[in-house]
There are 2 protein chains.
Amino acid sequence: MTDFLRAQGVLSLGSRLRALSDQLFKEGDLVYKRHGIPMHGRWFPVISLVSLSEKPVSVTYIAQQTGFSHPYVSTQAHKMIKLGYLQDERCSQDERRRLLSLTTKGKALIEQAKPVWDNFKKVAYASVENSGSDFLDAVERFEKEIELRPWSQEVNKLMHDEVEIIDYDPKYKKDFARLNIEWLEKYFSVEAVDQEYFDFPEKKILQKGGRIFFAKLSNQIVGTCALFHEGDGVYELAKMGVSQSYQGKGVGAKLVEHSVACFKSMQGSELFLETHSSLQTAIRLYKKHGFVDQGHRKPGSVYARSEVYMVLEAK
Amino acid sequence: MTDFLRAQGVLSLGSRLRALSDQLFKEGDLVYKRHGIPMHGRWFPVISLVSLSEKPVSVTYIAQQTGFSHPYVSTQAHKMIKLGYLQDERCSQDERRRLLSLTTKGKALIEQAKPVWDNFKKVAYASVENSGSDFLDAVERFEKEIELRPWSQEVNKLMHDEVEIIDYDPKYKKDFARLNIEWLEKYFSVEAVDQEYFDFPEKKILQKGGRIFFAKLSNQIVGTCALFHEGDGVYELAKMGVSQSYQGKGVGAKLVEHSVACFKSMQGSELFLETHSSLQTAIRLYKKHGFVDQGHRKPGSVYARSEVYMVLEAK
DNA sequence: GCTTATTACGTAACTTGCTACATAAATTAT
DNA sequence: ATAATTTATGTAGCAAGTTACGTAATAAGC
């Protein structure tokens, strides 16, 4: 352990645990080699599971029990079959399943390896007692703690992550398109009319007196919406999108709130929007901020998906 | 943690530590991603070391401090230079050295990442306290214990590893050659006369009334030697070789002992050997078992390397 | 009975390290 | 001053895993 890593404390724990893990595997390999046993530390989880099972076991079962991914178990099994330690047979009830078991050669290998494992256990437990506390217990407790309260979540709670609504900036042009295309492709499809707005937002929206807003969280753009100016103080709230991973966190509400406030400060005469009845969450949000469903399509709507027509009414 | 791994106890510790390590890196990545910071957990050791150093640092220095191999640091540095976070300059005093430092972009990255690291520390230390014992301390003690008393050595002590001397068997023919070539190439070189013995040991040694012995440890052949029958009860002790990794463990002594005993049981009239004065360890061994240096070359010796001539004399 | 979803396994490509080897500069020995 | 050794770095290739995706067999829904 170098001074630097130690000084980094908990931040270098990941690296240190990996180094320890590698070290343990190497220790095992040294013993196997010393006694000429054709075994490797990394084989242990898989081969010992197979050897302990009374019946042949399937690839996915091994993967679940050992915590490895199933492709890894699959390839490792192939390797050990090639080496002659394992054999496989198709399951009679389920032709997909490949049931693995030890060959005679595999059993012989286990017999050779068993004394190593036994002595390893003895040495390891002695070592663990020597080190003053039960390391294995400590690991177990730590595993549980991490599972229960993932550090990422705890850190996120501590991080300053107020959503901030900011005005359009050319460097966010791509985000405007990305956030809209994300939900469009999910619920409907991107129409040619849409694409034009994404390609030329400055010309099509801003130059006509409209506005584009972004929701910024830390350093990411996680939401957007726009006010289109139809002329004569009539505005449309449109192109609202919130990144999937940040939904349900009030980002949409802040965008609508800000847009309405902006509309008011611009002394607009009318603010409407068009949406679809399937987007109930959005409709609830709009209602909450003063939009009222007009009960019919907007006359002459350009979007196929625009079925609900809402207008902001003074409370 | 699956039941199987838990049940394996200390034998699955390697796998569990690796999983934990991966988990921690992932936790970090989740936070970085959540806050749109273009950083990865795996970068931490290298980039934080560079950022903490007042002067630019070299690749090997980073490797030493972080515990990574230098090629890994080298490639990782290249990657981060490509991404614009690091810059390098040749050291003026030592043209081989590549001195790494943060670019402006890199400094900006650190500034972004710092709050994450700070909060990570807070969370992690709280978590560690929650888990009932100081996990970091436990890891540190464990690292020291492993370093001080490597499990492989302790296990080897416990393993039954009596050296056993066995007779020639065709399946060990390759070992006979391997063990001899190993030391021949180290001290001298393999002569044509030697090669013939390795290719046809049965014909050249056994069929003439000679013997070949092997030292077997667990399942490995770690040493060999032969008795050549010169005719009329005259034998030569030759072709002795012990695998480098098993020297100094009395393997040679057992081989000589066994050979002498065999010579006596065959009622041989004379046992001699030829060697080189540079091989003092071997000469001491022969003396200990009753061989006496004759002080001159054996008349008509076939080997260039045979300079010392020893004969077994009754004590 | 037919379609659809799920499950078991495999393949490919990528990531994170490593070891082994090559090379050039610097240092030490002769 | 030259030769031999050491040091700093780079390159190639390998090992241990992963994720992402494809395919075939089974199970479930209408």
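Chain identifiers are assigned alphabetically (A, B, ...) following the order of the sequence lines, protein sequences preceding nucleic acid strands; residue numbering begins at 1 within each chain.
- In the interface, the side chain of A/Arg96 is not paired with the base of C/dA8 through any donor and acceptor atom under 3.5 Å apart.
- In this structure, B/Gln76 atom CD and D/dT11 atom P are separated by 16 Å, rounded to whole Å.
- Within a 6.0 Å sphere centred on NZ of B/Lys114, heavy atoms belonging to other residues, nucleotides or ligands number 12 at most.
- The nearest heavy atom of DNA chain C to B/Phe25 and to A/Thr75 marks one nucleotide each, and the one closer to the 5' end goes with A/Thr75.
- Side-chain nitrogen and oxygen atoms of A/Arg18 include none within less than 4.0 Å of the OP1 or OP2 phosphate oxygen of C/dT16.
- Here C/dT23 presents its C1' atom at 12 Å from NE2 of B/His70, a figure rounded to the nearest Å.
- Ranking C/dA26, D/dT9, D/dA20 by closeness to the B/Arg98 side chain, first place goes to D/dT9.
- We find that CG of A/Asp29 is positioned 14 Å from C1' of C/dT19, with the value rounded to whole Å.
- When rounded to the nearest whole Å, the span between CD of B/Gln64 and C1' of D/dT7 equals 11 Å.
- Residue A/Thr60 is in sugar-phosphate contact alone, with no base atom involved, counting any heavy-atom pair closer than 4.0 Å across all strands shown.
- Residue B/Ser69 places at least one side-chain N or O under 4.0 Å from the OP1 or OP2 atom of C/dC18.
- For A/Glu95, the side-chain atoms get nearest to D/dA25 when compared with the rest of D/dA25, C/dA12, D/dG10.
- The distance between atom OH of A/Tyr61 and atom P of C/dT7, rounded to the nearest whole Å, is 18 Å.
- Side chain of A/Ser21 to main chain of B/Leu17: no donor-acceptor pair is present (N/O by atom type, distance under 3.5 Å, no hydrogens or angles).
- Note on A/Lys79: a side-chain N or O is less than 4.0 Å away from OP1 or OP2 of D/dA16.
- Distance from the side chain of B/Ser74 is smallest for D/dG10 among the nucleotides C/dT11, D/dT18, D/dG10.
- The separation between A/Tyr72 atom OH and D/dT18 atom P is 8 Å, rounded to whole Å.
- Separating the CG atom of B/Asp94 from the P atom of C/dA25 is a distance of 10 Å, rounded to the nearest angstrom.
- Atom CZ in B/Arg42 sits about 18 Å away from atom P in C/dC14, given to the nearest Å.
- Mapping A/Trp43 and B/Arg97 onto DNA chain D by nearest heavy atom places B/Arg97 closer to the 5' end of the strand.
- Counted within 6.0 Å of NZ on B/Lys107, heavy atoms from surrounding residues, nucleotides or ligands total 12 or fewer; the atom is thus considered open.
- Using cut-offs of 30° and 60° on the angle between ring planes, the pair A/Phe135 and B/Phe135 is parallel.
- Atom CD of B/Glu147 has 12 or fewer heavy atoms from other residues, nucleotides or ligands within 6.0 Å.
- Which of D/dT9, C/dC9, D/dT26 sits closest to the side chain of A/Ser58 comes down to C/dC9.
- Ranked by how close their nearest DNA chain D nucleotide is to the 5' end, A/Gln93 and B/Val59 are led by B/Val59.
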